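Here's the structure, in structure tokens; my notes come after.
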Amino acid sequence: MARPDLDLYTIDRVIEMAWEDRTPFEAIETQFGLSEKQVIAIMRSYMQPSSFRLWRKRVTGRSTKHQYKRDFALGRFRSANQK
């Protein structure tokens, strides 16, 4: 899989979004035009092997990483006490 030419700031942001549990791959694709396979390739290239394995193990099968598997529509819970 060929990686697109991205600057370091964009790569850092993609890794940050991919690392978050509640950010779906579709949001990354919408914002940066990267498919799930491209995100995985970036994560593999720029992370330590052990960190990549931990991330893949955590993300595999997680319903929150795919928009169509989510059972909630609004996203995050927000407390009524929160301003």
Side-chain angles (χ1 to χ4, degrees):
M1 164 102 356
R3 289 184 320 204
D5 293 327
L6 301 171
D7 61 355
L8 289 178
Y9 175 78
T10 304
I11 291 170
D12 186 50
R13 183 67 184 131
V14 168
I15 290 172
E16 181 181 355
M17 290 177 74
W19 192 263
E20 295 170 349
D21 290 336
R22 293 200 176 249
T23 304
F25 287 114
E26 290 83 2
I28 297 170
E29 185 171 11
T30 299
Q31 188 168 352
F32 298 104
L34 299 172
S35 67
E36 181 179 350
K37 289 183 180 185
Q38 289 174 316
V39 171
I40 292 169
I42 288 171
M43 297 291 277
R44 180 171 297 174
S45 298
Y46 289 95
M47 295 176 70
Q48 293 180 355
S50 61
S51 297
F52 174 76
R53 283 192 299 273
L54 286 171
W55 175 76
R56 281 300 288 161
K57 185 177 180 181
R58 195 178 82 236
V59 170
T60 301
R62 184 174 290 270
S63 61
T64 57
K65 289 305 281 184
H66 297 280
Q67 193 73 32
Y68 64 90
K69 290 184 178 180
R70 287 181 169 211
D71 60 349
F72 55 89
L74 298 177
R76 296 177 60 173
F77 170 76
R78 183 173 176 196
S79 171
N81 297 333
Q82 190 176 8
K83 294 181 182 181

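Just so it is clear, the structure is predicted and the values come from calculations on it, not from any experiment.
Using a 4.5 Å heavy-atom cutoff, the side chains of Gln38 and Phe32 are not in contact. With contacts defined as side-chain heavy-atom distances shorter than 4.5 Å, the pair Trp55/Ile15 does not qualify. When side chains are defined from C-beta on, Ile42 counts as touching Leu6, because their heavy atoms get closer than 4.5 Å.
Under the rule for a salt bridge (Lys or Arg N to Asp or Glu O under 4.0 Å), Arg56 has no partner lying at least two apart in sequence or in another chain. Shown here are the salt bridge (Lys or Arg N to Asp or Glu O under 4.0 Å) partners of Arg44, two or more places apart in sequence or in another chain: there are none. Judged as a side chain to side chain contact (heavy atoms under 4.5 Å, CB included), and not counting sequence neighbours, the contacts of Ser50 are Gln48, Arg53.
One finds the CZ atom of Arg13 at 13.0 Å from the CG atom of Asp7 (value rounded to the nearest 0.5 Å). Note that OG1 of Thr30 and CD of Glu26 are 7.5 Å apart. Values are rounded to the nearest 0.5 Å.
When each of Val39, Thr23, Leu34 is checked for a side chain to side chain contact (heavy atoms under 4.5 Å, CB included) with Met17, only Thr23 meets the rule.
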- Message: side chain to side chain contact (heavy atoms under 4.5 Å, CB included) for Tyr46 and Asp12? Distances and angles first, verdict last.
- Response: CA-CA 9 Å; Tyr46 289 95; Asp12 186 50; over 6 Å; no
- Test side chain to side chain contact (heavy atoms under 4.5 Å, CB included) on Trp19 and Arg58 and set out the steps. CA-CA 10 Å; Trp19 192 263; Arg58 195 178 82 236; 3.7 Å; yes
